[in-house]
Amino acid sequence: MTDEQAVLDCLLDNARYETDDLARMTGLDEDAVAAALDRLEAGPVAGYRPVVDWDRIDREHVVAVVECDVELDRETSYDDVARRLARFDEVATLRLISGEFDFLLTVEGESMQEIARFVADRVAPVPEITGTVTHYAMETYKEAGEEFDRDDDDRRSVTP
Amino acid sequence: MKRAERVESVGPSGIRRFFELAEARDDVISLGVGEPDFSAPWPARQAAIEALERGHTSYTANRGMAELRTAICEHVDRRYDLSYDRDEEVVVTAGVSEAVDLALRAFVDPGDAVAVPQPSYICYEPGVTFAGGDVCRVQTHREDDFRLTREALSAAGADEAVALVLCYPNNPTGAVMTRADLEPVAAFAREHDLLVLSDEIYADLTYGHDHVSIATLPGMRERTVVFNGFSKAYAMTGLRLGYALGPPEAIEAMNRIHQYSLLSAPTTAQHAALEALDSCDDAVTEMVEAYDRRRRYLLTRFEELGLDCFEARGAFYAFPAVPGGDSEAFAEALLDEQGVAAVPGDAFGPAGEGHLRVSYATGMEQLREATARLERFLADR
């Protein structure tokens, strides 16, 4: 396993581990961890963000997934369309997928209206996009591998 | 009420006493837990639910469901190079604890000695006593990384014993035995005609070292009963499911007790176990990787704090020496002053004195906080 893989495995568990703890967990020295972090952050690690259960925050937060149909012409590729969509801050994730439609977006905003307006004003008018279907999330149970309804540790405090 | 002598002669466990001390507080970070902090992999839990939904609530064959015994035999063949016949050489039990109890009752007559390496998991000695046997304590030492040696067996008079209990990877020390370490022990067992009862429940939890079963050494299969199960690797402690593997006459003897005392291991758990063997290898690998990260973290922190600790390479325990050497006083003060619970080594017999069993079957956040508290505790002394 390379240093980067070892450090990345730890970060996938918790991105907030500090360099000294990463060194203890991987058996690398701190300089090697720092170097691996630099390489990761210059390459595959695009960023770090908390996984938030918005229901526990007193702030409106609406999530929708939006299906997009696309019709390409000779001069335009999926990548061209994707680049245009990805620039919008409202678009949290954007994937080209197999199946009945082409792009699947996750759009986040402060209200359903805001998202509806965004899709109508910004997404639908893109010339290659021939249709959109917006699905609002009604409940989020799990995000980025984290379950929001966490169970407590019910083990006894000392066992054989 | 007159209680049987074999019961009166066995005291409550040291773990029980420490559990009560820890339970009396509500701010405790526990490094005293001898079971995984993970839940059983979801496919295994789902299989248990489905088994209930389909109404599989009756007894199974005494020795366990045939499909499960087949899967167990395939698993141990693939993982540990152990070859057993599913009809004659396997019995599925309610955890390894039941299997060990069956074996002690099946092979130990009153007055027979059973060699038990020390420090020792807490169920072996009472098990020997309940079977009417006498415990022959065999010391293992920090200098040998708590591995069992031939010299220790000789020194303890284990040549007079009828059986030897082995537990590697070890609870409480985290020690492992390589093939080279096992060879002299196996030779001793052959020379002195000892039955080996090998508890390999932690076999999947080894780090930088592949588990070797003593039953794979020359001339050992016919004198060894191997115990394993689902509690540790598959995080299924509460489902109570284990198994024993051995020559037909050994398993037949154990099954004779099992069929009268338990009839069959819990059916729901057997369905979960079958699914665990079928589809949960990746989940086990992930858990093992997580334990290994915590193990390295903990051993490095101990080194930084100046605690002497050998490199434990199995199970999910480290076994550092405590400054001053009085493990009970140290553990109680650590609990009292910093709210960190770890089991004093002497709960696992006198040979554990001077050490602390520290379990890393707990999340990294708790480990970080617990070691920070330990650092303050040591600084205050």
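Lettering follows sequence order; numbering is per chain, from 1. Source: prediction; values computed, not measured.
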- Query: Contact part of B/Tyr121 toward chain A, heavy-atom cut-off under 4.5 Å: side chain, backbone, both or neither?
  - Reply: side chain
- Would A/Arg24 and B/Glu304 count as a salt bridge (Lys or Arg N to Asp or Glu O under 4.0 Å) if you check the C-alpha gap in whole Å, the side-chain angles of each, and the deciding distance to 0.1 Å? CA-CA 10 Å; A/Arg24 292 178 182 119; B/Glu304 290 165 1; 2.8 Å; yes
- Scored by heavy-atom pairs under 4.5 Å with chain A, the best of B/Arg368, B/Arg294, B/Glu23 is B/Arg368
- Message: Looking at chain A, which one of B/Thr237, B/Leu299, B/Ile122, B/Asp37 has the largest number of heavy-atom pairs inside 4.5 Å, strictly under?
- Response: B/Asp37
- Query: Got a donor-acceptor contact below 3.5 angstrom from the B/Thr93 side chain to the B/Glu98 backbone?
  - Reply: no
- Measure up the A/His61 and A/Trp54 rings against each other and bin them: parallel (under 30°), tilted (30 to 60°), perpendicular (over 60°). parallel
- Message: Need one label for B/Val28: side chain, backbone, both or neither, based on atoms under 4.5 Å from any heavy atom in chain A.
- Response: neither
- For B/Tyr317, is it the side chain, the backbone, both or neither that has a heavy atom under 4.5 Å from a heavy atom of chain A? side chain
- Message: Run the side chain to side chain donor-acceptor pair (under 3.5 Å) test on A/Tyr78 and A/Asp102 for me, step by step, so that the C-alpha distance in whole Å, both residues' side-chain angles and the decisive distance to 0.1 Å come before the verdict.
- Response: CA-CA 9 Å; A/Tyr78 280 125; A/Asp102 303 296; 3.0 Å; yes
- Task: Heavy atoms only, distances under 4.5 angstrom: which of B/Ile15, B/Leu21, B/Val33 has the most pairs with chain A? Name it, please.
- Result: B/Val33
- Query: Going by the angle between their ring planes, with limits at 30° and 60°, are B/Tyr234 and B/Phe230 parallel, tilted or perpendicular?
  - Reply: tilted
- Give a yes or no answer on whether the side chain of B/Arg45 reaches the backbone of B/Ala40 with a donor-acceptor pair at less than 3.5 Å. yes
- Query: Given that the side chain runs from C-beta out, which part of A/Ser157 has a heavy atom under 4.5 Å from chain B: side chain, backbone, both or neither?
  - Reply: both
- Which one, B/Met364, B/Glu20, B/Glu289, B/Glu365, leads in non-hydrogen pairs under 4.5 Å with chain A? B/Met364
- Item | Given B/Phe146, B/Phe348, B/Phe302, the one that forms ring pair (Phe, Tyr, Trp, His ring centres under 6.0 Å) with B/His355 | B/Phe146
- The interface call for A/Asp21 against chain B, heavy-atom contacts under 4.5 Å, is both
- Task: Could you check which of A/Asn14, A/Asp9, A/Asp153 has the highest count of heavy-atom pairs closer than 4.5 Å to chain B?
- Result: A/Asp9
